[in-house]
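On a predicted model such as this, the values are computed, not experimentally measured, just so you know. Residues take their numbers from the sequence shown, with the count starting at 1.
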Amino acid sequence: QNQRLLKRQWVEHQIKYTEGRGFGFFSKQDIKEDDLIIEYVGEIIDEVECTKRMQKMQAEGAQNFYFLQVRAGMVVDATHIACNARFMNHSCDPNCYAQRWIVNNGERVGKRAPSFLYTSWNYNFST
């Protein structure tokens, strides 16, 4: 299965503006349960660095945050190094989930889901 990450075999999608939510990630095709949607790409940081960056961004007035907590001690920051996965909006009732995969001895994160067109998921951060 991790070959799909290496080959970038994920769903065709588009980024569209949505009222009240900013930009969102939309699939151009039907998605079957457990399909790989896209890889979540960013800079790997720890929780201490994540807290520092979030505090700095909040002090600067930022309203959009692109942090994904993968596991204790591992956060993906897609603020500057990223792909379109960062446009998946947060939901307390998400329709997809993140999954860690080992690819060439390194951890990577893919997003998977049941059938849908508009994607949302829980970033696992308290507000």
Side-chain angles (χ1 to χ4, degrees):
Q1 285 185 332
N2 63 13
Q3 290 294 312
R4 291 183 289 169
L5 283 176
L6 284 173
K7 296 177 182 178
R8 299 176 184 239
Q9 294 175 332
W10 39 69
V11 301
E12 287 187 54
H13 62 275
Q14 59 187 341
I15 305 304
K16 295 193 295 189
Y17 187 77
T18 60
E19 270 313 304
R21 300 291 301 215
F23 289 96
F25 182 103
F26 292 82
S27 173
K28 289 183 173 182
Q29 64 194 63
D30 287 337
I31 297 174
K32 295 185 275 318
E33 188 171 349
D34 289 328
D35 274 356
L36 175 64
I37 300 165
I38 194 167
E39 181 177 7
Y40 197 86
V41 177
E43 183 181 359
I44 306 301
I45 59 175
D46 62 22
E47 291 161 327
V48 173
E49 181 63 23
C50 179
T51 300
K52 287 179 191 175
R53 290 182 185 191
M54 286 181 78
Q55 289 172 343
K56 182 177 186 261
M57 291 171 71
Q58 286 172 332
E60 293 171 348
Q63 295 183 3
N64 297 304
F65 300 89
Y66 304 102
F67 298 101
L68 165 64
Q69 184 162 11
V70 178
R71 60 173 165 74
M74 181 182 179
V75 177
V76 179
D77 177 0
T79 304
H80 300 291
I81 300 169
C83 69
N84 285 344
R86 79 183 202 157
F87 293 107
M88 288 185 174
N89 286 316
H90 170 81
S91 173
C92 292
D93 186 25
N95 60 10
C96 61
Y97 61 94
Q99 183 177 46
R100 284 187 305 142
W101 290 2
I102 303 299
V103 179
N104 293 333
N105 297 320
E107 285 183 270
R108 292 171 72 168
V109 180
K111 292 193 179 179
R112 301 177 77 165
S115 299
F116 62 86
L117 291 177
Y118 175 72
T119 62
S120 64
W121 71 304
N122 188 330
Y123 278 81
N124 294 321
F125 277 93
S126 299
T127 54

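Scanning both residues, Gly24 and Asn89, for their nearest heavy atoms gives CA-ND2, 3.7 Å. The shortest heavy-atom contact between Phe67 and Tyr40 is N-OH, 4.2 Å. Shortest non-hydrogen contact noted between Asp46 and Glu49 is OD1-N, 2.8 Å. Of all the heavy atoms in Arg71 and Glu47, the pair that sits closest is O-OE2, 4.4 Å. Scanning both residues, Cys50 and Val75, for their nearest heavy atoms gives SG-CG1, 3.9 Å.
Gln29 contributes a side-chain N or O that, together with a main-chain N or O of Glu12, makes up a donor-acceptor pair within less than 3.5 Å.
Side-chain heavy atoms closer than 4.5 Å link hydrophobic residues (I, L, V, M, F, W, Y) into clusters, and following such links, possibly through other members, connects Tyr17 to Met88. Val41 and Val76 are members of different hydrophobic clusters when ILVMFWY side chains are connected at heavy-atom separations under 4.5 Å. No continuous path of ILVMFWY side-chain contacts below 4.5 Å connects Phe87 to Ile81, so the two sit in separate hydrophobic clusters. Under a hydrophobic clustering in which Ile, Leu, Val, Met, Phe, Trp and Tyr are joined whenever their side-chain heavy atoms come within less than 4.5 Å, directly or via other members, Ile37 and Ile15 fall into the same cluster.
Here the CE atom belonging to Met57 is positioned 11.0 Å from the CD atom belonging to Gln63, to the nearest 0.5 angstrom. Atom CD1 of residue Ile31 and atom CG of residue Asn95 lie 8.0 Å apart, to the nearest 0.5 angstrom.
Under the salt bridge (Lys or Arg N to Asp or Glu O under 4.0 Å) rule, Asp77 has a single partner from Arg86, Lys56, Arg53, which is Arg53.
Ring pair Phe25/His13 is parallel by interplanar angle, where below 30° counts as parallel and above 60° as perpendicular.
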